[in-house]
Amino acid sequence: MSQAAQQSKKNSRTAITPTREENFPEWYQQVIKAADMAENAPVRGCMIIKPYGYALWENVQNHFDGMIKAEDVQNAYFPLLIPLSYIAKEAEHVDGFAKECAVVTHHRLSANDKGELQPDPESVLTEPMIIRPTSETIIGESMANWVQSYRDLPLKLNQWCNVMRWEMRPRIFLRTAEFLWQEGHNAFATAEEADKDARRMLDVYRDFFENYMAIPVYAGVKTPEERFPGAVETYTLEAFMQDGKALQGCTSHNLGQTFSKSADIKYLDQGGALQHAWTTSWGMTTRTLGAMIMVHADDDGMIMPPRLAPHQVDILPLFKDEKDTPAILAFCDDLQKRLRDKGVSAKIDKSDSRGSDKMWASIKKGVPVRVEVGAREIAEGQVTWTRRDLGRDGKKKASVDEFVDSVQPALDAMHHDLYAAAKARSDAFVHDVSSIDDIRAFFAADKKGGCKIDYVLVKDSPEFEAVAKEYALTQRCLPFEDGGTKVIVSKAY
């Protein structure tokens, strides 16, 4: 660590160094480390999601899974390995993923004359297998077998799984070679049903982002340059992080008949004629965990959205005298039970760490509410509790009954406050401009956020392409709120 960095750390009053303003990318990594959410794996480009981070992903899964099942989606599972011939059937699709594909060519290992393990030369596969970058092609093969008649449609499938896309510049949660996601794949009898479904699933995602993750988004359609390979339209949610860069939260694709024709998904319509189905696909990844960090965390660590937090309340028993320990722990156990009876998830830190260490561990993990219980609190019949996002200014004392009754309203208020703060930032980040010169001036001044401009001014414009290349800009989406006439341009993750 440099002398300047050491001095900065010494003078800092925050738990995380560097701060967001000093070095946002490094701050992001340090938040993940301090919250004990994940770490880099021994395998280059991959990550290990630790129990606390995985508990967050499990909550994402559990809540979103319920939402898609309400849309009559059924979960299934398909193979990790996809024959090369399946992907090669759709030329545009394979062109979009070719440089990211990992290929399996052998089916066993053997020792060479030096005793070193190597792919057995006698075990070459008759056909190379691709570790799934996405599953349109192999799910399409199954759909072709399952769909025979209009009575078999719509067919709505989803799988929770891992995928691999070889990433050269990895960053935990945001870009890793292997990541977790859900991928939905639906088939319909008409083009109208398919497009309506693709739009509907984007609405479901938006509901989840806003009402669970507390993240405001711009909902819109991708420009042709950013469209998913093989799709007719790609719908997206774009969110702005605290550093002003955009992040794609999820996508929902109207695939038309691209994959149904390559996979031969046909059905007999009501008139007895053979028709190709119309398909959609939609997905959300562990990248959402990175978005939650970059939208909500502060210079003291993570701030968990209350409705997805691995646990919503930290109960911190404070021990000063060993004789008080049994009574304090019994009190905490009873408090935990009462909170759980109210539907609030709570965890007791029963370690022998100092009270200040327990507090800072809770702060860095972003637990929405922490409550302190010591001998004095028991004697007074009160607890001291704090909302993570309010910090010291939000510290309160209350009777146990008052506290238990206050927690759920406090969690709801915290959710709304987190969303409102993120919405205010997001709105301030997007600036309406009227020319490509305005875009250049905005980014030349190193301002945070992005520009919104009439799409006709940048479409197929060599001048815009030069600006985009100079400042590493991308066209994020054509927001629905503007009727698809304007495009948001920004730097992005």
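Note that this is a predicted model, so its numbers are computed, not measured.
- Side-chain contact, Thr234 with Glu226: no donor N or O sits under 3.5 Å from an acceptor N or O.
- For Arg206 and Glu210, the salt-bridge test passes: some basic side-chain N is under 4.0 Å from an acidic carboxylate O.
- Between the Glu372 side chain and the Thr384 main chain, no donor and acceptor come within less than 3.5 Å of each other.
- Residue Met37 is tested with Tyr54, Trp57, Phe173 for a side-chain contact (heavy atoms from CB on, under 4.5 Å); the sole match is Phe173.
- Side-chain atoms of Ser406 come within 3.5 Å of backbone atoms of Glu402 as a donor-acceptor pair (strictly under, hydrogens ignored).
- In this structure, Lys156 and Glu71 approach most closely via the heavy-atom pair NZ-O, 3.2 Å.
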I would like to know whether Phe64 and Tyr205 meet ring-ring contact (aromatic ring centres under 6.0 Å, His included); could you show each step before the answer?
CA-CA 8 Å; Phe64 189 70; Tyr205 282 125; 5.0 Å; yes

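- Using a 4.0 Å cut-off between charged nitrogen and carboxylate oxygen, Arg387 and Asp417 count as a salt-bridge pair.
- Contact check for Ile138 versus Pro79: side-chain heavy atoms found under the 4.5 Å cut-off.
- Within the 4.5 Å cutoff, the side chain of Arg476 has no heavy atoms near those of the Val487 side chain.
- A 4.5 Å side-chain heavy-atom check between Leu247 and Met294 finds at least one atom pair inside the cut-off.
- Glu116 CD: more than 12 foreign heavy atoms inside a 6.0 Å radius.
- Annotation for Gln74: atom CD does not count as buried by contact number, only 12 or fewer foreign heavy atoms lying within 6.0 Å.
- Side chain to side chain, Thr280 and Asp197 meet the donor-acceptor criterion of an N or O pair below 3.5 Å.
- When atom types are taken as modelled, the side chain of Gln336 and the backbone of Ala346 share a donor-acceptor pair closer than 3.5 angstrom.
- When ring centroids are compared, Tyr218 and Phe480 stay outside the 6.0 Å threshold.
- The side-chain tip of Arg199 points at the ring of Tyr235 from less than 6.0 angstrom away and within 45° of straight on.
- Salt bridge annotation for Lys350-Asp333: present, with a cationic side-chain nitrogen under 4.0 angstrom from a carboxylate oxygen.
- With 3.5 Å as the limit, one finds no donor-acceptor pair spanning the side chains of Asp299 and Thr14.
- Between Met359 and Asp314, the closest side-chain pair of non-hydrogen atoms is not below 4.5 Å.
- Between Leu56 and Met304 the shortest side-chain heavy-atom distance falls below 4.5 Å.
- Between Lys50 and Glu39 there is a salt bridge, since a side-chain N of the basic residue sits under 4.0 Å from a carboxylate O of the acidic one.
- Thr176 and Glu167 share no side-chain donor-acceptor pair at under 3.5 Å.
- A side-chain donor from one of Glu136 and Thr134 sits under 3.5 Å from a side-chain acceptor of the other.
- For the 3.5 Å distance criterion, the side chains of Glu377 and Gln382 fail to qualify, holding no donor opposite an acceptor.
- Within the 3.5 Å criterion, the main-chain N or O of Glu233 finds no donor-acceptor partner in the side chain of Asn254.
- By the 30° and 60° cut-offs, the orientation of the rings of His415 relative to Tyr419 is parallel.
- You'll find the side chain of Leu157 reaches within 4.5 Å of the side chain of Phe78, heavy atoms only.
- Between the side chain of Asn62 and the backbone N or O of Glu58, at least one donor-acceptor pair lies under 3.5 Å.
- Centroid-to-centroid, the aromatic rings of His63 and Phe208 stay 6.0 Å apart or farther.
- Looking at His296, its side chain does come within 3.5 Å of a backbone N or O of Met213 through a donor-acceptor pair.
- Salt bridge annotation for Lys337-Asp341: present, with a cationic side-chain nitrogen under 4.0 angstrom from a carboxylate oxygen.
- A donor-acceptor pair under 3.5 Å is formed between the side chain of Ser345 and the backbone N or O of Gln312.
- For Lys452 and Glu481, the salt-bridge test passes: some basic side-chain N is under 4.0 Å from an acidic carboxylate O.
- Between Arg307 and Asn59, the side chains place no donor N or O within less than 3.5 Å of an acceptor N or O (distance only, hydrogens not considered).
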From CA spacing to verdict: salt bridge (Lys or Arg N to Asp or Glu O under 4.0 Å), Arg440, Glu470
CA-CA 9 Å; Arg440 182 186 293 278; Glu470 181 177 357; 2.6 Å; yes

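- Aromatic ring orientation, His253 versus Phe228: parallel (interplanar angle below 30°, classes split at 30° and 60°).
- Counting only heavy atoms from C-beta outward, the side chains of Lys365 and Asp36 approach each other to under 4.5 Å.
- The shortest side-chain heavy-atom distance between Tyr86 and Met129 does not fall under the 4.5 Å cut-off.
- One finds a salt bridge joining Lys448 and Glu21 here, because a Lys/Arg side-chain nitrogen approaches an Asp/Glu carboxylate oxygen to under 4.0 Å.
- With respect to Arg388 and Asp298, a salt bridge is recorded, a charged nitrogen being found less than 4.0 Å from a carboxylate O.
- In summary, the side chains of Asn158 and Trp282 do not present any donor paired with an acceptor at a separation below 3.5 Å, with no hydrogens or angles considered.
- Inspection of the Arg20 and Gln242 side chains reveals an N or O donor paired with an N or O acceptor under 3.5 Å.
- Between the side chains of Gln408 and Asp412, a donor-acceptor pair is found at a separation under 3.5 Å.
- Asp349 places a side-chain N or O within 3.5 Å of a backbone atom of Ser351 that can act as its donor or acceptor partner.
- Side chain to side chain, Asp243 and Tyr493 meet the donor-acceptor criterion of an N or O pair below 3.5 Å.
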